[in-house]
Amino acid sequence: MNKWIEKGLRTGVVTTPYPKGRDEAAGISPGLPDAGAEVQDDNNTIASRCPTDALQPTDGPIKVDQRRCIHCFRCVRNAGEPFPWDSGFEWASLMSEASVFPPSFRRSLHIRVIDAGDCGACLNEVKLLNNPYYNMHRLGFFITPTPRQADVLLVIGPVADHMKIPLLKAYEAMPDPKRVMAVGVCALSGGVFRSGFIVGSGVSDLIPVDVEVPGCPPPPLAILHGLLVLAGRSEPHQFIEPANPVEGGVR
Amino acid sequence: MRIDELIAQAKVIWEDALEAAFNISPQEAEFHCKPDRMNEFCNWLHHQKIYHFAGMIVEERSNRWDIHYLFYEEGVAVRILVKTGGPLDQKSFQSISRTIHAADWYEREAEDLFGLVFEGHPRLGDFILHDDVWQEGVEPMRAGFNIGAALENHKPKRDWRPRRIVRAPGSFIMPVGPVYSGDAESVHFHLETVGEEVIRVFPRLFFKYRGVEKIAEGQSVDEALLLAERFAGTTAFSHALAFCMAVEKIGPTVVPERAVALRVFFAELERCRHHIGVIESICNSTGLAVAASQAAILEEDALRLACELAGHRYLFGLVVPGGLSCDLDTDRCCQAVNKLKGIVQRLNDLDQALTASSSFLDRIEEVGIITESQARDYELVGPVARGSSYCNDLRRAQPYLLYDQYDFEIPCEQEGDGYARLRLLFAEVNQSLRIMDQVTENMPTGPVSNPYSVSPGAAVAGVETPRGATWHWVRVAEDGKIARYRPITPSFANWHGLHLAVESFAFQDFPIVLATFGLSVSENDR
């Protein structure tokens, strides 16, 4: 037993300085196309390379919808001018000011993770939030096995048809006030599965979403940023209109 | 056995059962068998000639069913497709699962998705499409599938209860999932027990069925590649590689040597990262927090390494038909191997520390035992099979890329218990590092991709993913769109065999056995 204690102590502290400081370690994020990039695309060449319409041609510069990007790198690596890339990770968008928890929840949140058909990558990134690099416990975030003790429903995956009932049951079992966090492109819009007969266009088809974290998969720090935004401890990347508000889906 | 010898022999013995027998390539043969003789012929191949059964591919062509059964031989690059079929109005075929048990789930899948009936199969029904959600007669993989009509009768019930099989005094059912534990994939387990011992376990899968095979139909190769990569994200590179190898074979497209070497490099990097992740979950399942944290640090290091090299932590967007989407200079490869050596060194330290922890060993030794004959009956693959001395690895059995040029071992263990599978993971990481070392030493120069143009045809390609053998069947139609994409995945084979390891062991060992299997639900459900 002593050996393990010694081994743990010898490892030292590896935890990220985020959110107090900046984390600039290599390999923490795959990045996204730069939303602020002023790229003209007169012949639609760059936009046509994007398989998910994350890059949309307009009369002016290309419009970037980071919520649709699945990191296929086709706008960067194929022939031609590479599209500017943003290597950050603070991508979480809020639906409205009211989506943030009341101040008494600032310090600690309990999270129930629902895998509604993800590919395993998003789930792995969520799991890694508990590893010593990210250690989300230090920020007061805990994963709980039961929705009855959860404040946040963290949904990953495009919501496969068979998961609709389990997802709804978990949502209904949560006490108020509750918030829903959609993590990953699949949960936001259905991703590459959205054209399927059995998959809708994301979590907001079913339950109202409060915060959206894009990425395929979003790296652990992006998910952490989403949680901090929800707790009112960090600024969202942007405010967006709910994609398709659920009728009667009032908290 | 040489392929021409086998064809000659089969022609003599099965003269009246075979309609045709020929070789498609020096390594591949195709036998066309009469539908009513399938069981006998496949039985002969599997049990007499000792060919592995790899999976089944059902295709609805314009006017007929094509059903391919895939077999392969160990050690010799011989792959066999047994083809049978019939007109579209024929809905009933002979079941081969009476003699080849590994075909069990494949036939259930075909029944659910295509509406085919396999005569002699005892348990068709409620498998992929859940009976409490979908009406009978919904056959989504049929060409004329009408989603509107299917949705009219789509009324999910909230009170599904599985059938209770065990009837004994004091027996009870422990339902687990689909939403359970802190961060587990969605799957339902139905554990029936009398006190301590698990008598029967019934995993109800396909909560995450996304219909990947259906979505791919009619897509371009580039679009389908995104699906191949994203249906099982933790082994994305291997699956995308298998898909690309299949479409390159249809082409045919020659992949530049440098790209082939780099594909080996990244496939092995993915194997290391995946295995470290499984080791982490095994430590976690036994409650050994420090060891789990140590492994999690190493997994994160490996993910960051992948991101530094290829831009993505899970290697998305890297492999494309014709090669790779980006080059990696040899210096960076060497640095990466050095970094990985550090990671593996720390992993080996962890291995030693675990070996010295008797409380840990108590939990995984002689738990979840799979015997060699069971592994063969269920055609288990990957580390699960090799832990039961069923040593089957496509890198050796069906060499692809450059694997026949590298010097490495296929680790194999005898006991078939949880500890054997854990030791195997450590050993395989070390072998992967050995391969990567050799790749960087002899890195060919030149481009990393050749132009690829789509051409019609069908091909199957096999790749040893970290979880075991996968086979991707791709048919490209005349218009260059995908007509059929069928990934046969290792988790599908191993989930089938999970009940062997759980039944007759204690209830509290269940999470540990599950962790040592290293299964992926998304890979199985597709």
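By convention in this document, chain letters (A, B, ...) are assigned in the order of the sequence lines, proteins followed by strands, and residues within each chain are numbered from 1. This is a predicted model, so every value here is computed, not measured.
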What I want to find out is whether A:Asp161 reaches B:Arg210 closely enough, with some N-O distance under 4.0 Å, to be called a salt bridge. no
Quick one: CD on A:Glu125 to OG1 on B:Thr234, what's the gap to the nearest 0.5 Å? 11.0 Å
The interface call for B:Tyr314 against chain A, heavy-atom contacts under 4.5 Å, is side chain
Check the pair A:Val192, B:Ile215 against side chain to side chain contact (heavy atoms under 4.5 Å, CB included), reporting the backbone distance first and the verdict last. CA-CA 9 Å; A:Val192 292; B:Ile215 300 172; over 6 Å; no
Please state whether the side chain, the backbone, both or neither of B:Ile128 comes within less than 4.5 Å of a heavy atom of chain A. backbone
Derivation of the side chain to side chain contact (heavy atoms under 4.5 Å, CB included) call for B:Leu226 and A:Cys72: CA-CA 8 Å; B:Leu226 298 173; A:Cys72 65; 3.9 Å; yes
Side-chain touch A:Pro217/B:His312, heavy atoms, less than 4.5 angstrom: yes
Region of B:Tyr180 in contact with chain A, defined by heavy-atom distances below 4.5 Å: backbone
Which atoms form the tightest heavy-atom contact between A:Cys119 and B:Ser522, and what is the distance? O-OG, 2.8 Å
Validation row: A:Ile70, B:Phe316 side chains within 4.5 angstrom (heavy atoms): no
For chain B, which of A:Pro166, A:Ala160, A:Gly157 has the most heavy-atom pairs under 4.5 Å? A:Ala160
Applying side chain to side chain contact (heavy atoms under 4.5 Å, CB included), run through B:Leu350 and A:Lys7 and close with a yes or a no. CA-CA 9 Å; B:Leu350 180 68; A:Lys7 201 170 175 59; 4.2 Å; yes
A:Arg148, CZ: over 12 other non-hydrogen atoms inside 6.0 angstrom: no
Most chain A-contacting option - heavy-atom pairs closer than 4.5 Å, from B:Gly277, B:Ser357, B:Ser220, B:Ala236: B:Ser357
Donor-acceptor pair, B:Ser186 side chain versus A:Ala116 backbone, under 3.5 Å? no
Chain A contact via B:Glu229 - side chain, backbone, both or neither, heavy atoms under 4.5 Å: neither
Evaluation steps, side chain to side chain contact (heavy atoms under 4.5 Å, CB included), between B:Val290 and A:Glu6: CA-CA 10 Å; B:Val290 181; A:Glu6 191 195 331; over 6 Å; no
Would you mind checking which part of B:Leu309 comes under 4.5 Å of any heavy atom in chain A, side chain (CB onward), backbone (N, CA, C, O), both or neither? neither
Please classify the contact between B:Asp183 and chain A as side chain, backbone, both or neither, with a heavy-atom cut-off of under 4.5 Å. both
Restricting to non-hydrogen atoms, name the atom on A:Ile143 and the atom on B:Gly182 that form the minimum distance, rounded to 0.1 Å. CG2-O, 3.5 Å
Using only atom types and a distance under 3.5 Å, with no angle test, would you say the side chain of B:Arg313 pairs donor to acceptor with the backbone of A:Gly27? yes
Would you call A:Tyr133 and B:Asp301 a side-chain contact if the rule is heavy atoms closer than 4.5 Å? yes
Atom pair CG/CH2 of B:Leu288 and A:Trp4 - distance to nearest 0.5 Å: 5.0 Å
Which portion of B:Gln294 sits near chain A, non-hydrogen atoms under 4.5 angstrom: side chain
Contact summary for B:Ala184 and A:Asp115, nearest pair of heavy atoms: O-CB, 4.1 Å
Go through the atoms of B:Asp222 and report whether side chain, backbone, both or neither lie under 4.5 Å from a heavy atom of chain A. both
Side chain to side chain, A:Lys169 and B:Val179, heavy atoms closer than 4.5 Å: no
Who among A:Pro145, A:Ala170, A:Pro158 has the most heavy-atom pairs with chain B under 4.5 Å? A:Pro145
Which heavy atom of B:Phe206 sits nearest to which heavy atom of A:His162, and what is that distance? O-ND1, 2.7 Å
For residues A:Arg74 and B:Val320, determine if any side-chain heavy atom of one lies less than 4.5 Å from a side-chain heavy atom of the other. no
Quick check: do A:Asn131 and B:Ile297 have side-chain heavy atoms less than 4.5 Å from each other? no
Would you mind telling me which of A:Asp118, A:Thr144, A:Val126 has the largest number of heavy-atom pairs within less than 4.5 Å of chain B? A:Asp118
Does a sphere of radius 6.0 Å around CZ in A:Arg138 hold more than 12 heavy atoms from other residues, nucleotides or ligands, not counting ones at 6.0 Å or beyond? yes
Using a 4.5 angstrom heavy-atom cutoff, name the option from B:Ser281, B:Pro178, B:Ala353 with the most pairs to chain A. B:Ala353
Under 4.5 Å, counting heavy-atom pairs only, tell me which of B:Gly311, B:Gly211, B:Ala310 racks up the most with chain A. B:Gly311
Using 4.0 Å as the upper bound for N to carboxylate O, is an ion pair formed by A:Lys127 and B:Glu280? no
Nearest heavy-atom contact between A:Ala121 and B:Gly233 is CB-CA, 4.1 Å
Could you report the tightest heavy-atom contact between B:Glu299 and A:Leu128, atom names first, then the distance? OE1-CD2, 3.7 Å
Which atoms of B:Ser325 approach chain A - backbone, side chain, both or neither, heavy atom under 4.5 Å: both
Flag the one option from A:Ala25, A:Ala26, A:Pro51, A:Gly31 with the top tally of heavy-atom pairs under 4.5 Å to chain B. A:Ala26
Name the region of B:Asp132, side chain, backbone, both or neither, that has any atom closer than 4.5 Å to a heavy atom of chain A. neither
Does B:Arg230 make a cation-pi contact with A:Phe193 (under 6.0 Å, within 45 degrees of the axis)? no
Ranked by heavy-atom pairs below 4.5 Å to chain B, first place among A:Ser29, A:Cys216, A:Cys186 goes to A:Cys216
